[in-house]
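Inspection log for the structure reproduced underneath, given as structure tokens.
Just so we're on the same page: letters track the sequence lines, and every chain starts at 1. Everything numeric here is computed off the predicted structure, so don't read it as measured data.
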2 protein chains.
Amino acid sequence: MIVVPTPAGRPRYHQVADELRRRIRAGALPPGAPLPSESSLMQEFTASRGTVRQSVALLRSEGHVITEKGRGTYVRPVLPKRRLGADRYASAPSTPSTPPSPSAPPSPSAPSTRDGRGTSFTLDQRIEWSAYQLDRSFDEVPADEATADLFGVEPGTPLLRRHFVFRAHGVPQQLSTSSYVLDTVRDTPVADPANEPWPGGNIAQLRSLGIRVTGVRELVRSRMPTADEAATLHIPAGVPVVTITRQMFAGDRVVEVANDIVIPGDRVELDYWIAVA
Amino acid sequence: MIVVPTPAGRPRYHQVADELRRRIRAGALPPGAPLPSESSLMQEFTASRGTVRQSVALLRSEGHVITEKGRGTYVRPVLPKRRLGADRYASAPSTPSTPPSPSAPPSPSAPSTRDGRGTSFTLDQRIEWSAYQLDRSFDEVPADEATADLFGVEPGTPLLRRHFVFRAHGVPQQLSTSSYVLDTVRDTPVADPANEPWPGGNIAQLRSLGIRVTGVRELVRSRMPTADEAATLHIPAGVPVVTITRQMFAGDRVVEVANDIVIPGDRVELDYWIAVA
DNA sequence: CAGTGGTCTAGACCACGCT
DNA sequence: GCGTGGTCTAGACCACTGT
């Protein structure tokens, strides 16, 4: 068969993807709208199915569209983002409309955010403890090197490790693996999975043990999800995860380590305040 | 020829990808190592080229491997990550080994971090101002709605907008679009691109105008890069970007807005400290 | 049932990096 | 020139979603 030379030097599947991207940007294909079917695209662009599928795969990997088996391909809807701010660590149990915490920024108006690609909006979405559903599994393990380092203890120190899957309103929101040094929680209500979710979270938990958390350190990274994570969190192709490695401090002492909180990147924004000396 | 057990129902290209992932995790294919060529894989797994290519495309989109035209496919090397902490906003000009800033966490030891996929390490990498190269373009524009909102001014307010491409040691590190209200910087050295990079950064710049920055708010998000961003920042497939929307405050007043700092997700980790009341 | 996307094959020509 | 991956074609069968 005769291979059609690529007109502009640009591969045909890029041309198709470019055109579809253009329509998405221009609003001709708004979020949620179906893309033309593969057969339509084959006709419209005079390309083979493989080429058309390559275009769509590209758009998928860029996070522009999602594909549903047997139904079609759709422009990725923009999800409302959960905003995680410092106030989630405030001592008072959260109420849907709690005023900002003492160390919060000077009440900046909630900005409308851009996702860098077009339509966007942000929801200052608070989820009450009661709306959470929770899968959890607790176990006792010796500290691996990374976790020991974060705690500032010897590797091998016995830990209580808790693994959580948070859901809110039926939608998986995040995974989290969080540890306490076993000695500090053994035979306390904190070590009992039945007491989760604990109102006020880990800080309240530690408080019940007489440990007063004075600060939290968060190390934020981003990467593509593992296959497991994508499945558990219902993450479509083209969407990264944000990971947080967290240390809770009581003075100089590390009292909790979350060795990777994993959150879908299309459902969250992290809000930080830095005081400048 | 190695015969891979056939978990029936699982598509062949997934089986191939699973096996390659396994080898990567197991260390049989360490970072930087070449994957078997497509023809080898075709033989080893008794699959057509299309199927083998689909496996590799999957691994690429997951960030496990990168492909170089005419050379081969390689396990993605783990890059040292630049750690961005609050100290980058400290008043004193940074020196490679400056002690932590006043509001910093209680000197936690630099943790060794996990990338969630295997081998990993972190470099507490400081880049002196002198190591920066910088592309910049300044222009004067009326504030769009999002930026006006972040500034707390009316849309249309004249802004000095600066676009930067930072490189360090030849490697592109981040894009940034940052604005001042034009009235506050007109006819000052700050408005002259020739004075970039300005030692001490935007805070020192504002200081030279008699404006004392008291705090910085950062809104962190993650998404896949646009085609432009991927090209400019040399981002391979399967690597997301971290974006930061930043407001600099002088008291209650917003004095600078960075309406999207874009950083490759495989080259950075953000380090935040939250004081708990 | 018809329409959608998912998987797979076999073959072809091309552009690139290296030796 | 050889080996690598990049692009493209044409056809086939399948699983899933809707009516």
Check: Does atom CD of A:Q43 have more than 12 heavy-atom neighbours, drawn from other residues, nucleotides or ligands, at distances under 6.0 Å?
Finding: no
Check: Does DNA chain D take part in any stems of at least 3 consecutive Watson-Crick or G-U pairs (both distances under 3.5 Å), and if so, which ones?
Finding: C:1-18 with D:1-18
Item checked: Criterion salt bridge (Lys or Arg N to Asp or Glu O under 4.0 Å) on A:E269 and A:R83, from CA distance to verdict -> CA-CA 5 Å; A:E269 56 192 7; A:R83 179 171 299 165; 2.8 Å; yes
Next item on the list: I would like to know whether B:E38 and B:R49 meet salt bridge (Lys or Arg N to Asp or Glu O under 4.0 Å); could you show each step before the answer?
Entry: CA-CA 7 Å; B:E38 290 177 356; B:R49 190 167 170 224; 2.8 Å; yes
Notebook entry, point to check: Is the shortest heavy-atom distance from the side chain of A:L84 to the side chain of A:I263 under 4.5 Å?
Noted result: yes
Next item on the list: Determine whether B:L270 and A:Y272 make a side-chain contact, defined as any pair of heavy atoms from C-beta on separated by less than 4.5 Å.
Entry: no
Check: Roughly, in whole Å, what's the span from CD in A:Q43 to C1' in C:dG3?
Finding: 14 Å
Item checked: Nearest-angstrom distance from the residue atom CG of B:L41 to P of D:dT4 -> 11 Å
Checklist line | Test side chain to side chain donor-acceptor pair (under 3.5 Å) applied to A:S179 - qualifying residues, sequence neighbours left out | finding: none
Check: Regarding B:R162 and the six-membered ring of B:F138, is the cationic atom NZ or CZ under 6.0 Å from the ring centre and inside 45° of its axis?
Finding: yes
Protein and nucleotides 4-7 of chain C: nitrogen or oxygen contacts under 3.5 angstrom:
unit_1 : atom_1 : unit_2 : atom_2 : d
C:dT4  : OP1    : A:S37  : OG     : 3.3
C:dT4  : OP2    : A:S39  : OG     : 3.4
C:dG5  : OP2    : A:E38  : N      : 2.8
C:dG5  : N7     : A:R49  : NH2    : 3.4
C:dG6  : OP2    : A:R53  : NH1    : 2.7
C:dG6  : OP2    : A:R53  : NH2    : 3.1
C:dG6  : N7     : A:R49  : NH2    : 2.7
C:dG6  : O6     : A:R49  : NH1    : 2.8
C:dT7  : OP1    : B:Y13  : OH     : 3.1
C:dT7  : OP2    : B:Y13  : OH     : 2.7
C:dT7  : O4     : A:R49  : NH1    : 3.3

Item checked: side-chain hydrogen bond (donor to acceptor under 3.5 Å, both in side chains) assessment of B:R221 paired with B:T245 -> CA-CA 8 Å; B:R221 288 181 286 270; B:T245 301; 2.7 Å; yes
